[in-house]
Amino acid sequence: MKGIVLARKLIVGNWKLNGSLPENQSLLKAMLSETSIQAPKPSHVEWVVCPPAVYISQASDLLSGSSIALAGQDVSDQEKGAFTGEISASMLLEFKCRYVLVGHSERRQRFAESNDLIAAKALAAMKAGLIPIVCVGESLADRESGSTFTVLSSQLDPLLSLLNPRALKGLVIAYEPVWAIGTGRNADGSTAQEAHAFLRNKLAQVDLACAAEVSILYGGSVKAANASEYAAQSDVDGVLVGGASLIISEFLSISQAFHA
Ligand code: 13P
């Protein structure tokens, strides 16, 4: 898609299955002090943290009144009822979550979440007023067999077919190639840009104007040392960071790459 991308920049920390009450407190306090006196970030860059569900209440209290947004790591496609272990979008909203991850590859692989279920989860989140961060990405086998774009399409199409085109604006996409997650083998900037441009073009086929406003994040072994590679790409609007988001100095440097 040609033209100017208007999407806001998001620096999202996915804590995954990490943290404890004292660890979370010290990480969030460090983040809070970085956002205020020491290194104010520009308003077009938003920080988001995704703690494990049991710590959302703690994070919500600590982040209250700050510019750091809170996100769930997953959400049910159901509103309420006999769904043991699930958390609904309205519950996340009660604790001031603004975003929720949906369809992370770890959920797709380890919990056998289908593209249809992920579409239903994203829709449930949007209906309740959350912004879903919908994760897509190919495996190494997909990439080596040349089916990256086919896989990305099959992951996103069920959701796009359910959405009113104007609702695209309420969506964030995260491109996370599975082979780059937690491996230290990050996609280089041009590989990420190619996938992001493909994704934005798909969105543009639904609604050209809205597609320019959708933040498309890169995730997979992002760290301070490689963040500027992504910040330099026209269709990369931020990053979804796993391991490095637990280290304040790393998270801060990653963010600073997107401040320009
Ligand atoms: P890493 O940054 O640890 O590779 O994890 C990426 C990820 O899965 C973020 O959601």
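The basis for the numbers below is simple: all heavy atoms, side chains too, and nothing from hydrogens, waters or symmetry mates. Just follow the structure's listing: the first ligand is 1, and inside any ligand the first atom is 1.
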Q | atom 2 (O) of ligand 1 [closest protein heavy-atom partner, distance rounded to 0.1 Å] | A | G242 N, 2.9 Å

Q. For K96, does the NZ atom sit with more than 12 other heavy atoms under 6.0 Å from it, leaving out its own atoms?
A. no

Q: Assess G219 for proximity to ligand 1: is some non-hydrogen atom of it under 4.0 Å away?
A: no

Q: Evaluate the ring planes of F198 and F149, with Trp represented by its six-membered ring, and classify them as parallel (under 30°), tilted (30 to 60°) or perpendicular (over 60°).
A: parallel

Q | atom 3 (O) of ligand 1: the protein heavy-atom neighbour that sits closest, reported with distance to 0.1 Å | A | G243 N, 2.9 Å

**Q.** The one among E106, E250, E176 that brings a heavy atom closest to atom 7 (C) of ligand 1
**A.** E176

Q: Find all atoms of ligand 1 within a distance of less than 4.0 Å from any non-hydrogen atom belonging to N14, and give their numbers and elements.
A: 9 (C), 10 (O)

Q. Is the number of heavy atoms from other residues, nucleotides or ligands under 6.0 Å of E86 CD greater than 12?
A. yes

Q: Output yes when the distance from some N or O of ligand 1 to some N or O of G220 is under 3.5 Å, and no in every other case.
A: no

Q: Please assess D188 against T191 for the test side chain to side chain donor-acceptor pair (under 3.5 Å), listing each intermediate value before the final yes or no.
A: CA-CA 5 Å; D188 62 26; T191 303; 2.6 Å; yes

Q) Should L240 and V222 count as side-chain neighbours, where that means a heavy-atom distance under 4.5 Å? A) no

Q: Run the contact test for K16 against ligand 1 with a 4.0 Å cut-off on heavy atoms, strictly below, and give the result.
A: yes

Q) Looking at side-chain heavy atoms only, is the closest gap between H259 and H44 below 4.5 Å? A) no

**Q.** Contact (N/O only, under 3.5 Å) between T183 and ligand 1
**A.** no

Q) Going by heavy atoms, is G182 under 4.0 Å from ligand 1? A) yes

Q: For ligand 1, note which part of L240 has a heavy atom under 4.0 Å away: side chain, backbone, both or neither.
A: both

Q) Between E46 and R8, is any pair of side-chain heavy atoms under 4.5 Å apart? A) yes

